[in-house]
Amino acid sequence: MARFLIVEARFYDHLNDMLVAGARAALEAAGHEVEVLTVPGALEVPGAIALASESGRYDGYVGIGVVIRGETYHFEIVAGESARGIMALTMDGMAIGNGILTVENEAQALVRADPAQNDKGGEAAKAAMALLDLQGRFAG
Ligand SMILES: Nc1c(NC[C@H](O)[C@H](O)[C@H](O)CO)[nH]c(=O)[nH]c1=O
Ligand SMILES: CC(=O)[C@@H](O)COP(=O)(O)O
């Protein structure tokens with residue numbers, strides 16, 4: 001049993017609920033403990049994971065959020081920088097799954113968030129679990 005923290009950017013409530021449900025279901029099906037921390041937007045997800053890691057309470061993390069393209073360059077910043085921040089932490093050896101959708105419209109997000117369809121929340125949780133397994137395998 002490991003302890004996972006889901007950090008969710010609560011920007012689109014209905015989409016987030018589906019992503020978190022998928023992530024939680026995958027983690028609990030594998031017998032892990034799950035807590036959820038909510039932040040305002042995807043840009044806050046990497047920083048929140050970094051802060052939470054200082055507690056030493058968690059073995060792995062799942063970042064959840066939805067970024068939908070608007071009219072300006074802001075989409076590129078939020079989508080790219082949230083992924084970059086998560087990847088930077090991952091390269092430091094943390095077990096993190098990136099479940100932040102970066103889509104053109106709500107219809108694309110719905111299909112991907114729905115646990116009964118693409119289940120991207122569950123997919124991100126499985127990625128975090130896979131990295132945690134690797135940590136165990138390669139730990140010196
Ligand atoms: N436009 C979206 C955002 N934008 C907000 C940022 O993530 C951030 O909270 C703000 O810039 C303050 O630092 N966040 C999303 O999660 N999804 C979006 O579509
Ligand atoms: C992340 C986004 O692109 C979006 O929410 C911001 O919209 P806009 O570019 O129309 O300000």
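Quick note: numbers below take in every heavy atom, side chains included, and nothing from hydrogens, waters or symmetry partners. Numbers here are sequence positions counted from 1.
Clustering ILVMFWY residues whenever any of their side-chain heavy atoms sit less than 4.5 angstrom apart, transitively, puts Ile49 in the very cluster that holds Leu5. Hydrophobic clustering of Ile, Leu, Val, Met, Phe, Trp and Tyr side chains at less than 4.5 Å, counting indirect connections, keeps Val45 apart from Val34. Under the 4.5 Å side-chain heavy-atom criterion for ILVMFWY residues, a single connected hydrophobic cluster contains both Phe11 and Val36. Cluster membership for Val7 and Leu27, using ILVMFWY side-chain heavy atoms within less than 4.5 angstrom, is not shared. There is no path of hydrophobic side-chain contacts, each under 4.5 Å, that joins Leu43 to Ile6.
A distance-only check finds no donor-acceptor pair linking the side chain of Glu81 to the backbone of Ile77 [under 3.5 Å].
Atom CZ of residue Arg137 and atom CG of residue Leu132 lie 12.0 Å apart, to the nearest 0.5 angstrom. With rounding to the nearest 0.5 Å, the separation of NE2 in His14 from CG in Asp114 is 11.5 Å. Annotation: the span from Glu35 atom CD to Arg24 atom CZ amounts to 9.5 Å, rounded to 0.5 Å. Considering CD1 of Ile64 and CD of Glu8, their distance stands at 8.0 Å, rounded to 0.5 Å. Separating the CG atom in Leu131 from the OH atom in Tyr61 is a distance of 13.5 Å, to the nearest 0.5 Å. Atom NE2 of residue His32 and atom OH of residue Tyr58 lie 15.5 Å apart, to the nearest 0.5 angstrom.
Ala109 and Leu101 make their closest contact through O-CD1, 3.7 Å (heavy atoms, listed as atom of the first residue, atom of the second, distance). Summarising the geometry of Ala48 relative to Val39, their closest heavy-atom pair is CB-CG1, 3.6 Å, with the distance given to 0.1 Å. A pairwise comparison of heavy atoms in Asn105 and Ile68 identifies CA-CG2, 3.8 Å as the closest pair. Taking every heavy atom of both residues into account, Gly22 and Asp119 meet most closely at CA-OD1, 3.4 Å. Residues Gln135 and Asp59 come closest through the heavy atom pair OE1-O, 4.5 Å. Closest of all the heavy-atom pairs between Asn16 and Gly65 is ND2-CA, 4.4 Å.
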**Message:** Set out, in order, the CA-CA distance, both residues' side-chain angles and the distance that settles side chain to side chain contact (heavy atoms under 4.5 Å, CB included) for Arg57 and Arg3, then state yes or no.
**Reply:** CA-CA 7 Å; Arg57 290 181 61 181; Arg3 273 194 188 165; 4.0 Å; yes
**Request:** List the steps, then state whether side chain to side chain contact (heavy atoms under 4.5 Å, CB included) holds for Leu15 with Arg112.
**Result:** CA-CA 9 Å; Leu15 298 167; Arg112 286 159 180 79; over 6 Å; no
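Arg69 forms a cation-pi arrangement with Phe75, by the criterion of a distance under 6.0 Å to the ring centre and an angle within 45° of the ring axis.
Between Asp17 and Arg10 there is a salt bridge, since a side-chain N of the basic residue sits under 4.0 Å from a carboxylate O of the acidic one.
Neither side chain, Glu106 nor Tyr12, offers a donor N or O lying under 3.5 Å from an acceptor on the other.
For residues 122-134, the set of pairs meeting the side-chain hydrogen bond (donor to acceptor under 3.5 Å, both in side chains) definition, not counting sequence neighbours, comprises Lys120-Glu123.
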Output a table of donor-acceptor pairs, distance under 3.5 Å, between side-chain atoms of residues 88-99 and any protein atom two or more places apart or on a different chain; print 'none' if there are none.
| from | atom 1 | to | atom 2 | distance (Å) |
| --- | --- | --- | --- | --- |
| Thr90 | OG1 | Ile86 | O | 2.8 |
| Asn98 | OD1 | Ile100 | N | 2.9 |

